[in-house]
Amino acid sequence: MQLVQQTSVPEVERDTPAQEVLEGVSSLIRAVRCIEHRHLWPDSGLRRADASVLKVLAKDGEQRGGEIAAKLSVDASVVSRQLSALEGDGLVSRRPDPADARVSLVQLSEAGRKRLEDLYAGYARQLRSALADWDDDEMAAAAEVLRRVAAAVTQTAESAKHSNPSTGD
């Protein structure tokens, strides 16, 4: 059954479940950012973008800055500046790439791993507190739905990018 309701955008009629999902995701993003800004990020000394770079390195290991940029869908120059700052803070290390001395391989340092682990542990505590009335099965089910939404949206975006190369991406 589809409900026809007024959305938060005037003159736009909500008549599809897709609109409900979109508004739910938008609300979740706003809520997460609120937690980040009020509770975690100021104490961690990391910006969201820095944490994203560290997370890529933690997940995928040592790699070139260009690979990190591609995974984050940002320009390599952006990641290059971030890596310089992260290296200065001792959170990553760089070494020449044996395959091409013109580029560096970047690795997460132990200090970077610890900072990232502390950040996500704090984040998990905040989320656990916010969802205190949810049991583990409910949390697992919500996580699976969120992963499916993210995978579907990412797959559609990738398909569109490959079928329309004129977008500049």
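Residue numbers run from 1 in the order of the sequence given. These numbers were taken from a predicted model, which means no experiment stands behind them. Computation of the quantities below employed the complete heavy-atom set of this structure, encompassing side-chain atoms and omitting hydrogens, waters and symmetry-equivalent molecules.
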Contacts table for residues 101-110: side-chain donor-acceptor under 3.5 angstrom, sequence neighbours left out:
unit_1, atom_1, unit_2, atom_2, d
R102, NE, D100, OD1, 2.9
R102, NH2, D100, OD2, 2.8
S109, OG, G90, O, 2.6
S109, OG, L91, O, 3.0
S109, OG, A111, N, 3.4
S109, OG, G112, N, 3.0

Side-chain donor-acceptor distances from residues 141-149 under 3.5 Å, at least two apart:
unit_1, atom_1, unit_2, atom_2, d
E144, OE1, R147, NH2, 3.4

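Contacts of S129 classified as side chain to side chain contact (heavy atoms under 4.5 Å, CB included), with partners at least two apart in sequence or in another chain: none.
A distance of 4.5 Å separates CD of Q19 from CD of E23, quoted to the nearest 0.5 Å. With rounding to the nearest 0.5 Å, the separation of CG in L116 from CG in L57 is 9.5 Å.
When hydrophobic clusters are built by joining Ile, Leu, Val, Met, Phe, Trp and Tyr residues whose side-chain heavy atoms come closer than 4.5 Å, directly or via intermediates, L22 is not grouped with V153. Under the 4.5 Å side-chain heavy-atom criterion for grouping Ile, Leu, Val, Met, Phe, Trp and Tyr, I29 is not connected to L127 through any hydrophobic cluster. Side-chain heavy atoms closer than 4.5 Å link hydrophobic residues (I, L, V, M, F, W, Y) into clusters, and following such links, possibly through other members, connects L28 to Y120.
Panel note: side chain S80, backbone A76; no donor-acceptor pair is recorded below 3.5 Å. Judged purely by atom type and a 3.5 angstrom limit, Q126 has no side-chain atom pairing as donor or acceptor with the backbone of Y123. Looking at S73, its side chain never comes within 3.5 Å of a backbone N or O of A69 through a donor-acceptor pair.
Side chains of R128 and R125 form no contact here, defined as non-hydrogen atoms less than 4.5 Å apart. Residues L119 and R115 have side chains not in contact (no heavy-atom distance under 4.5 Å, counting atoms from C-beta outward). Within the 4.5 Å cutoff, the side chain of V79 has heavy atoms near those of the Q82 side chain. Between R95 and E62 the shortest side-chain heavy-atom distance falls below 4.5 Å. Looking only at side-chain heavy atoms (C-beta outward), V56 and V53 stay at 4.5 Å or farther from each other.
For the 3.5 Å distance criterion, the side chains of S27 and R30 qualify, holding a donor opposite an acceptor.
Counting all heavy atoms, side chain and backbone alike, A99 lies closest to D97 at N-OD1, 2.9 Å. Shown here for L72 and S52, the closest heavy-atom pair between the two residues is CD2-CB, 4.0 Å.
Around the NZ atom of K71, the shell of radius 6.0 Å holds more than 12 heavy atoms that belong to other residues, nucleotides or ligands.
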Show your working on side-chain contact (heavy atoms from CB on, under 4.5 Å) between R64 and E67 and close with a plain yes or no.
CA-CA 5 Å; R64 294 176 174 189; E67 292 173 276; 3.4 Å; yes

